[in-house]
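By convention in this document, chain letters (A, B, ...) are assigned in the order of the sequence lines, proteins followed by strands, and residues within each chain are numbered from 1.
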Amino acid sequence: MNWGVLLFPGSNCAEDCFHAIDQVLQKPVKYLWHKDTDLGDVDAIIIPGGFSYGDHLRPGAIAHFSPAMTAVKEFAANGGLVIGICNGFQILTESKMLPGSLMQNRGLKFLCQDQTLKVDNADTPFTSEYKSGDTVVFPIAHNEGNYYAAPETIAEMEANGQILFRYSNPAGLVNDETNPNGSINSIAGIVNRKGNVMGMMPHPERSSDITLGLSDGKGVFVSMLKHLESHQSRN
Amino acid sequence: MSKMKVGMEEKLWIKAGLTDSEYELLTSHMGREPNTVELALYAQMWSEHCGYTHTRPLFKHFLTTGPRIVQGPGENAGIVDIDDDEVITFKLESHNHPSAIAPFQGAATGVGGIIRDILAMGAYPIASLNSLHFGHPGNEGNTRWLISEVIHGIGEYGNCVGVPTVGGEVRFSNAYKGNPLVNAMCVGFMKKSQIKKAIATGVGNSLMIVGNLTGRDGMGGASFASKDLEEENDADRGAIQVGDPFMEKLLIEACLEVFEEDYVVGVQDMGAAGILSSSVETASKAGNGVEIDVALVPKREAKMRPEEVMISESQERMLLIVKKGMEDKVNKIFHKWDLHAVVIGHVTDDGMYRVLEDGKKVGEVPVWSLMDAPTYLLEAEEPAHLKHTLSFRNEDVAVPEDLHAVLIKMLGAPDICSKEWVYRQYDFRVQMNTVVKPGSDAAILRIKGRDKGVGITMDSNGRYCYLNPRRGAQSIVAESARNQVVSGAEPIAITDGLNFGNPEKPEVYYQLEQSILGISEACRALDTPVIGGNASLYNQTPEFGAIYPTPIIGMTGLVKSLKHVTTMEFKQAGDFIVLIGETKAELGASEYLDWIHGLVMGDVPELDLKLERKSQDYILAVIRKGLVQSAHDLGDGGLAVALAESCIAGDLGADISLDLDIRSDALLFGESQTRFMLSATGKSVDSLIQMAAEKGIEAAVIGRVTKNKQIVINNLGSNLININLAECATAFNTGFDKLMKSDR
Amino acid sequence: MLKAIVTVMLKKGIFDPQGRAVQNGLESIGFDKVKGVRIGKQLEMDLEMDDRATAETSVHEMCDKMLANPVVESYSFEIKEA
Amino acid sequence: MLKAIVTVMLKKGIFDPQGRAVQNGLESIGFDKVKGVRIGKQLEMDLEMDDRATAETSVHEMCDKMLANPVVESYSFEIKEA
Ligand SMILES: Nc1ncnc2c1ncn2[C@@H]1O[C@H](COP(=O)(O)OP(=O)(O)O)[C@@H](O)[C@H]1O
Ligand SMILES: [Mg+2]
């Protein structure tokens, strides 16, 4: 089970994602370079957070043209698991691998805090370790996390169970007050129609190493791992 | 430009910021009159900012060595040993003047600049902190704008470059109204074998410039920072530097990749006076000369004059001294990161600093002479205000009727209230090492792969130093160390930021000298040598006068096992609350006098450095023994505020009974030094008290943690405080918000 | 040499919190006749091209590909002599 | 009702890292004739005013007081019929 963490100029959570796989999950992981056209032998790809290309213009706007992203699209088209975290999510929406867009937080400020999320759909390769309705704590740290998509798109995603996480309070309540950034329907994480490309603003990797006091996020990577393992054993 | 013509008749060196006697000295060094380029070199290198002309003679007081000190002052940053052949390096730097003029960019470039100092040591930057001082915003949109821009600038730079901003302080006083203080600190980590030096050895080796293009930004910033902040002047405005954290991130990655190979003999960041000071310093250390051709420097603007290229303060640039023949290899690595690495000159054996333009010599002076800035021992005179302020007696103010209201007001005071408004804008978790996040006494970072960590703090107290510079400065060092020990860290060393007014005024020089003496004394007592620092003088405006004397202490400590990490919040109902140290009737210099009575008066509380050391050793010992559930030092706002903070953070109440014959405001809010508040389970509390007795330290069980959310304080059988936790929490948590909201 | 001035704005109907904040700020200092503030980006660029038609096609393409995100933004531009 | 369109740009000579990053980005996808990219803000606002001269004075004042930071930015604007 090989994991790849895609490195762009300005990615600054690549090492954190690497750490989550290498040290916490203890699985083989390597870096993928944005200029590469061939990603080699990987089973899952993490597009990490950070400020690719300085977040200039719009977060993800420049990064998604990288040669490696063409390869990532191909990998996803063949059913590979891709997760974009924070800036990675922004890159995935910019590259149209996920619907919608991430706008500036409605409070107009960068927001770093430990955030409670409610798991909305636990029946996906990214969330199977949770139960729907669970609340988990993942840190958020972003300036552009305000998810927007056209109403038709949102309706469709809701109907398809494509919303995986919503911002909530510790009791699992989801409303405007528990919404830190103004995202439509408090959306914190989504998956594509096919179910193999996921994007989320909160950082599961930062919530994986218990030394730092948080570990709910490990479930995302374990879910992916189990999916890959069962997938492999079926083949 | 008509000014320039007049200037031709005037003395050019005066315009450049040099005195007549300095000019005389430099002509004697050179054996002739300098040309414009040469004059510019001296003007920059002999400014306070680069040459430490007023502060250098005072540095001799500092203790700079110790068993853990690998590198003291003299390099880009000091280095301390944290065992296992691992070291951390840290330094702080001020960016006051730039931040006053363009707060967002000024603060941002301050963060970027200090990160490059750390990078130049060969280290990976693992944490940033900042110490901010502002005037009270009151109803003023301007100050609010300034505050929010500075914080935004710090956040944006740190967040983008991927270095967590894990701590610092924000303090308010109208002494900073015209002249805010923005000091940034950075900490780096590396293996001992990775240490780099700022040295230009090896005749024939190449000087390579890496990173950003050179433009006219920050023209003359070094001498600019050494001037009073007078009414805005358009020439100074041209001095705004713009930060590019994205470039800095690439620079970090590329430099560290280059450092892994054996290509580089020396590294220096480009800060004040850019190419000039970085190359002079490296050459001087090696006893060599250098030759630089300004035509080779990649520029953003056409037609820059040679001296402009030499002193430009364009950000995100570094100077590498590269072994002859390795230039292409270095460039290849930079190229991978879409950066350039360009040879702009080389190391020579003649000890001269030679500037060429397209191969033609445009300036040449001895390297040593540029480094030999004259120093000044100035006249010191005790500030006149001390007579008045020291005359304060506790009886001058009445004990307030409503102590409940006072506590609420104290918890919402700008200096005391929660700074979450600020650090919510900082990514304090990136890099995944943050064990204790902002909001506690010290930030704690783990060292990956090891059971150990480092504690980092930044502290100051301008009011204390204004009222008693020597003891005030001692107290700040002591407080920093208290913040370390209560967090489970053993204090190792400090870096100091000397923010003062114009030292040519005898009263300011007195404050400077006394503060340095105070720092030195406390550092010796606590075994925390000074391994680096920064001076920012001339912090005054015609309208508001000089700032409070504000030495800022950045301290690091070693957490020997992560099991020792301790935080301030109460952990469980039923635990015993123990007060360590003696509470005296001391109101002088307190936050309480200032915020409640509007008085900046009195003397700084007594401080016995021997007792301080003993008490801190005790705290660390009981924490390491696992006897302690929570630990907090008593600082601004004294006992009542510290208690409330531990309750709010733990969402638990407390029931306290004291028997001290002290007026109740001094009891609750006085700032007697060397005090700590611990909580411990019933199993440990006896050992805690017994160990204190053995060491001769005052310790008393003063109450219990309770689950009913009420803070109760009784003294001598009568009730002083009985207050709902939620009310305290609201005051504490909304204080900053209120400050930042206009009353309109 | 031509010059392109590109304006990228949030689409009508999408809430612009920054515009709102600026409007409130203006109002708080007495400019209460200002309404509906919206904030976007303006990009100025030099084009090493001489033919306007080519320049227009090229700028259109840049906007579609990179400068604007059609999910939330609309753009317009102007080509001038440099 | 009038409409003001205000453009705020970094002053000439002040480094614009964003502009440079976008220029590099454009170049990397083949737009190599684009140079000197600079990025600023555009503000659109409705003015409940009818007199152009008053509007102009008012917008000038807004820019000086809030919309632009004269240390690093310059501004220009246009008043139109809404
Ligand atoms: N207040 C101070 N106390 C101790 N050392 C200082 C102080 N100020 C400056 N230094 C030391 O002097 C040297 C030069 O300082 P500075 O010019 O600020 O360095 P840089 O050029 O890297 O910014 C550094 O080693 C610094 O640590
Ligand atoms: Mg340095």
Heavy-atom count check: over 12 atoms from other residues, nucleotides or ligands less than 6.0 Å from [X] [atom1]?
X	atom1	result
B:Lys191	NZ	no
A:Lys35	NZ	yes
B:Gln572	CD	yes

Parallel, tilted or perpendicular: rings of B:Phe246 and A:His56 (30°, 60°):
perpendicular

Only pairs of heavy atoms separated by less than 4.5 Å count here; which of B:Asp338, B:Val163, B:Ile252 has the most with chain A?
B:Asp338

Residue, of B:Glu253, B:Met247, B:Glu420, B:Arg446, that accumulates the most heavy atom pairs under 4.5 Å with chain A
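Result: the option with the highest number of such pairs is B:Arg446.
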
Sort [X] into side chain, backbone, both or neither according to what part of it lies under 4.5 angstrom from a heavy atom of chain A.
X	result
B:Lys448	side chain
B:Asn433	backbone
B:Phe428	both
B:Val436	neither
B:Arg429	both

Roughly how far, to the nearest 0.5 Å, is [atom2] of [Y] from [atom1] of [X]?
X	Y	atom1	atom2	value
A:Cys112	B:Lys437	SG	NZ	8.0 Å
A:Leu108	B:Ser148	CG	OG	11.0 Å
A:Phe110	B:Arg424	CZ	CZ	12.5 Å
B:Gln425	A:Gln113	CD	CD	11.5 Å

So which heavy atom on [X] is nearest to which on [Y], and how close?
X	Y	value
A:Trp33	B:Lys336	CZ2-O, 3.5 Å
B:Cys160	A:Gly54	SG-CA, 4.2 Å
A:Asn12	B:Val161	ND2-C, 4.1 Å
A:Asp16	B:Gln431	OD2-N, 3.0 Å
A:Phe51	B:Asn159	CE1-O, 3.2 Å

Sub-4.5 Å side-chain heavy-atom contact between A:Ser11 and B:Lys249
no

Chi angles and distances behind the side-chain contact (heavy atoms from CB on, under 4.5 Å) call for A:Leu212, B:Thr434:
CA-CA 7 Å; A:Leu212 305 179; B:Thr434 311; 5.7 Å; no

Max heavy-atom pair count under 4.5 Å with chain B, selected residue of A:Glu15, A:Glu205, A:His19:
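Heavy-atom pair counts peak at A:His19.
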
Would A:Ser208 and B:Met432 satisfy side-chain contact (heavy atoms from CB on, under 4.5 Å), going step by step from the backbone distance to the final call?
CA-CA 10 Å; A:Ser208 66; B:Met432 283 178 68; 3.9 Å; yes

Can you say whether [X] sits under 4.5 Å from chain B via the side chain, the backbone, both, or neither, judging by heavy atoms?
X	value
A:Pro9	both
A:Asn87	neither
A:Leu214	side chain

With salt bridge (charged side-chain N to carboxylate O under 4.0 Å, His left out) as the criterion, how do B:Asp427 and A:Arg206 come out once you've worked through the C-alpha distance, each side chain's angles and the decisive distance to 0.1 Å?
CA-CA 12 Å; B:Asp427 187 344; A:Arg206 293 188 187 184; 2.9 Å; yes

